[in-house]
Amino acid sequence: MQEVDSVIPVPIFKVDKNLEILGCTREATEWFGQPQTLLQIIDEGSHEKILQMLHPSKVKNTFEVNIVDKFGELLLVDCYAGWQGELHAELLFLKKDPTITRVSTSLNKLQSRLQATDMELLQEKEKAEEVLKENNRLSAPFIEVTNELALIPIFGEIDTEKSEIISELIIQNAYDAIATKLIIDFTAIGRIDRDGLKGFNKLFRSLEMLGKQVTVTGVGPRHAKTFHELGVPMDIHFLPSLQKAITKLTK
Amino acid sequence: MHKHPEKIAEFLLAGDEQGTITYITDYLEANKQLSLYEDFLTPAMYIIGKRWEKNEISVADEHLATATCDFVISMMENHNNDASNPLHTKVMLFAVEEEEHYIGLKMAANVFKENGWEVRYLGPNLPLEHAITAVNTWQPTVIGLSAALSYRLPKLTETVQRLSLVDNKPFIVLGGRMADKFPIPNELANQVFSMNNLHALQNWLNVMEKGGRFIDARSG
Ligand code: B12
């Protein structure tokens, strides 16, 4: 292969009309080694393009093309090509203007930052939901006092949703436990709305169906009234204080 | 009314996301997500690829078109979706290391969403070790992979090999230009599936679900 003489330090190739390489500059060898044909250093996705663009009928042409250097690195470059008659073409490759590369790298970075932020938000949300779930779980611990007796103190503010979650949990625990006497203690409930109380009423019925004997303690006068209006199941006992209930049931 | 992907390609190349959305608004409203992707956006992106081959546009234009296309897909993401997910199925999607083409992957993520799946879209260029950690912690039912560049085939092979071995034995679905080129080893034929479009994905989901192949993710 002949060395193409040029004072401009860029890779230049001289090819015939079959794209066999006739010669190149030193810079070309440094980039690409010793390829026989031009297609060897062109990415396969660009073959069609270079065959179209590097055609004698085009005389002079400029286009983008993807090349593969001697390390196998894929690179987008600008190609400047011209024909000397029908037989020889000369073409040179120029790396893309670094600003474009910079912009495209930044675009990718921005994109992945957005991605990461999205993912973090999602994880935060999941964490928050986890905390909430844990919080709900801790709002109704199931304490097995003796083989027969379990105590379930309810904590915090109770709305419809929370009363549902708590109910589900209590039923599961009651089902798994051998204790048949349950004390549900309302002393530590901050606030509870009518729907919340309704939820508990449903819970009482379900527990009865599981064969549990339910005693409710710590219900204030206002909630007692609401319970009364809702029609509490017959077999549910109400006792004013937890202490009384424990004494009575462990007797 | 008949819509043309050529026209959409023009809107995308102009960076005109509003124009794109207006043009396809019937599809957006009717929530025809699959059709929107398969009949319009994907062909539009392929047209853009062809126009680059014809030297009519540059890679810089492709960048702008991609960002615009991404915008439209992101809109679909938040479109009303009330599919239930009784089996708590989960999918994690990403493109292998040094693979930046993500448009198809993102579409696939939305198809899973539309089917009620819990979706973790980790985006392009995800290092394999990160992926393995994420899969082990999150235990997805399915892993979705995408690769467009032929040079990524070795990495894709390695990724599939490693991920097929993690404890919960997730299904692996492959998409992108390289999906067809990927030889699925015989012993993985029940675990790894390749598909070159989203109708195929939707069919696969239907068949697998009917066949009871997705068991409740919570019971392991
Ligand atoms: C847009 C584009 C870009 C954009 C990418 C934007 C982005 N972040 O996604 C930019 C400009 C950044 C880009 C960069 C490059 N690109 Co490019 N790019 C394209 C182009 C024109 C369109 C790709 C696209 O968005 N298609 C639309 C999507 C929807 O189609 P799809 O991926 O096939 O997806 C469908 C299915 O495969 C399936 N699917 C896809 N993923 C998944 C996943 C799952 C789980 C499932 C189930 C299904 C599924 O569903 C989709 C809908 O049917 C293609 C041309 C082409 N014909 O593909 C070239 C092309 C892929 N790029 C190419 C090249 C070479 C590059 C670069 C190396 C150089 C360059 N041009 O700058 C870099 C490489 C970056 C990197 N490291 O990855 C070559 C690849 C050649 C090869 N040897 O493989 C192509 C073929 C162009 C060409 N003829 O030369 N590119």
Side-chain angles (χ1 to χ4, degrees), chain A residues 42-55 58 60-69 71-81 95-123 125-127 129-130, chain B residues 15 46 49-71 73-74 77-78 90 92-95 97-103 105-106 109 113 118-127 130-131 134 137-138 148-154 177-178 181:
Chain A
I42 304 290
D43 169 52
E44 50 177 305
S46 294
H47 280 189
E48 202 47 49
K49 180 168 184 173
I50 201 142
L51 291 173
Q52 295 296 321
M53 294 305 132
L54 207 61
H55 194 270
K58 295 265 198 291
K60 285 182 181 175
N61 207 357
T62 312
F63 52 91
E64 286 178 337
V65 66
N66 290 305
I67 51 140
V68 186
D69 70 13
F71 304 110
E73 283 298 326
L74 186 58
L75 199 67
L76 178 72
V77 296
D78 283 318
C79 176
Y80 296 80
K95 286 190 183 170
K96 289 301 279 188
D97 177 349
T99 28
I100 293 183
T101 320
R102 214 168 49 229
V103 169
S104 90
T105 315
S106 318
L107 263 174
N108 281 340
K109 280 214 189 95
L110 267 176
Q111 183 61 37
S112 45
R113 264 221 307 279
L114 266 175
Q115 199 52 55
T117 316
D118 259 15
M119 202 36 72
E120 271 163 28
L121 280 175
L122 190 69
Q123 279 163 352
K125 185 176 144 242
E126 274 167 9
K127 230 188 272 162
E129 281 168 358
E130 210 45 58
Chain B
Y46 291 165
K50 278 273 165 272
R51 291 189 60 180
W52 178 81
E53 286 187 41
K54 286 192 236 153
N55 204 23
E56 294 169 5
I57 59 164
S58 70
V59 167
D61 297 309
E62 288 183 356
H63 272 291
L64 180 59
T66 305
T68 317
C69 185
D70 186 0
F71 187 93
I73 298 169
S74 303
E77 186 180 311
N78 303 319
K90 307 191 277 192
M92 178 175 284
L93 301 108
F94 64 92
E97 220 166 324
E98 296 192 56
E99 174 64 65
E100 296 289 353
H101 298 87
Y102 67 84
I103 290 295
L105 186 73
K106 195 160 180 173
K113 264 184 208 152
E118 209 180 307
V119 176
R120 282 262 163 109
Y121 170 76
L122 301 185
N125 190 10
L126 187 70
H130 285 7
T137 16
W138 201 55
L149 294 174
S150 45
Y151 307 87
R152 296 295 95 85
L153 261 179
R177 288 175 70 246
M178 285 306 116
K181 308 273 178 326

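This one's a predicted model, so the numbers in the text were calculated from it and none came from an experiment.
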Under 4.5 Å from any heavy atom of chain A - which part of B/Tyr121: both

Tell me whether B/Glu99 contacts the main-chain N or O of B/Leu149 through its side chain, where contact means a donor paired with an acceptor under 3.5 Å. yes

How long is the gap from NZ on B/Lys106 to OG1 on B/Thr66, to the nearest 0.5 Å? 11.5 Å

Taking side chain as everything from C-beta outward and backbone as N, CA, C, O, which of these in A/Val103 sits under 4.5 Å from a heavy atom of chain B? Side chain, backbone, both or neither. neither

Which atoms of B/Asp70 approach chain A - backbone, side chain, both or neither, heavy atom under 4.5 Å: side chain

Nearest non-hydrogen partners of A/Phe63 and A/Ala81, listed with the distance: CE2-CB, 4.4 Å

Engaged part of A/Asn61 at the chain B interface, taking heavy atoms whose separation is under 4.5 Å: side chain

Counting heavy atoms not belonging to A/Lys95, are there more than 12 under 6.0 Å from its NZ? no

Assert top hit (heavy-atom pairs under 4.5 Å, partner chain B, pool A/Met53, A/Glu48, A/Gln52) equals A/Met53

Which bit of A/Glu64 comes within less than 4.5 Å of chain B, counting heavy atoms only: side chain, backbone, both or neither? both

Interatomic distance, A/Cys79 atom SG to B/Asn55 atom CG [nearest 0.5 angstrom]: 10.0 Å

